[in-house]
Amino acid sequence: MNKNIRRTLISLAVAGATMMALPGTASAAGKITIMVGGITKMVYLPAKLAEQLGYFKEEGLEVELQSQPAGVDAENELLAGAVQAVVGFYDHSIDLQSKGKEITAIVIFGQVPGEVELVSTKASATIKNMGDVKGKTLGVTGLGSSTNFLTQYLASRYNISSKEYSVLPVGADNTFIAAMKQGRIDAGMTTEPTVSQMLKTGEAKVLVDMRSVEGTVKALGGLYPASSLYVQRNWLNGHKDDAAKLARAFVKTLKFIKTHSAAEIADKMPKDYYGNNKPLYIQALENSLPMYSADGKMPAGGPETVLSVLAGFNPNVKGKHIDLSKTYTNEFVNLVK
């Protein structure tokens, strides 16, 4: 073989291998990595359920699900190009646009946050609502997370600024429970199944409940689309076929949720999701069912509510022009029959 031709072929092979190894190009090799902001949280249940039901494989997709304890960490993985998509809260799309980053939600899982502000039973005598949090320590999953956003907003409705209380990142699940048991936080925002676990033991009480439409409208003034699948705009422009397949898999999952009981859904989940207390998991899931979207579409008025909430306290968003049409698209879920 001619030496020049041989050298060229070797160079091309090396370049190809390098491209396959670059962050953000995994789907070119047939795999899509999705980072979930806490994979055992019920707000993000559609991610694992879609895998368990085999819907990714039905679409011819090789999907790897990874987990970070807070949505803000998942977001950072996406921006770094380490993953192709994130299952996290839609409000990050607005926050990031204010910072010059283009993120687009392509499937909406939750029409409401599914979050609950719990107050420890010990502190409940002095904390009756979010107007009582001055000088207190409030738990969030992570700094810059959606739980942090919502905590700031709920306090701001009582004219309490973030300087008047402390925020402590405590993650979710067992780390949240430990922080409240140990008295490191007086109150904190978390999701199911942690909520039901703490209420059952009597160690916490509900301060603000955003698991239902009614509770969310009362707390935030409207529907607050939350858990979603979002991607970087430049990835989306080059991978519309993958995006359509992901949307189809997740819409099928949402339809499964709407047509099956909490017990039937729990039966599809891995055993380590409910451990030795499956009845409690089923009850927590029953409490969560109203939050899930039936079709994956952005609810009318939802983006405006989220923008209003963020602009109420977030200096990055307040006064900025945010093009909401770039923060989400129904293009792919509309293709699902």
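A donor-acceptor contact shorter than 3.5 Å links the side chain of T175 to the backbone of V170. Looking only at distances, no side-chain donor or acceptor of E51 sits under 3.5 Å from a matching main-chain atom of K48. The main-chain N or O of E62 is never found under 3.5 Å from a side-chain atom of K31 such that the two would form a donor-acceptor pair. Although no hydrogens or angles enter the test, the distance criterion places a donor-acceptor pair under 3.5 Å between the side chain of E192 and the main chain of S196.
Summarising the geometry of A247 relative to V107, their closest heavy-atom pair is CA-CG2, 3.7 Å, with the distance given to 0.1 Å. Residues V87 and I34 come closest through the heavy atom pair CG2-CG2, 3.7 Å.
Checked for salt-bridge contact, E59 and K252 meet the test: a charged N lies under 4.0 Å from a carboxylate O. Comment: E58 does not engage R248 in a salt bridge, judged by the lack of any side-chain N to carboxylate O separation of less than 4.0 angstrom.
Side chain to side chain, E64 and Q66 meet the donor-acceptor criterion of an N or O pair below 3.5 Å. D173 and T40 share a side-chain donor-acceptor pair at under 3.5 Å. Using modelled atom types, one finds no donor on one side chain facing an acceptor on the other under 3.5 Å when comparing T137 with Y165.
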Please assess D295 against V333 for the test side-chain contact (heavy atoms from CB on, under 4.5 Å), listing each intermediate value before the final yes or no. CA-CA 7 Å; D295 54 18; V333 294; over 6 Å; no

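A tilted orientation is assigned to the rings of Y153 and F313, their planes being inclined by 30° to 60°.
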For residues 108-120, tabulate all N or O donor-acceptor pairs below 3.5 Å that involve a side-chain atom, not counting sequence neighbours.
from	atom 1	to	atom 2	distance (Å)
Q111	NE2	P290	O	3.2
E117	OE2	G188	N	3.3
S120	OG	A123	N	3.1
S120	OG	D186	O	3.4

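N129 is listed as a side-chain neighbour of Y158, based on a closest heavy-atom distance under 4.5 Å.
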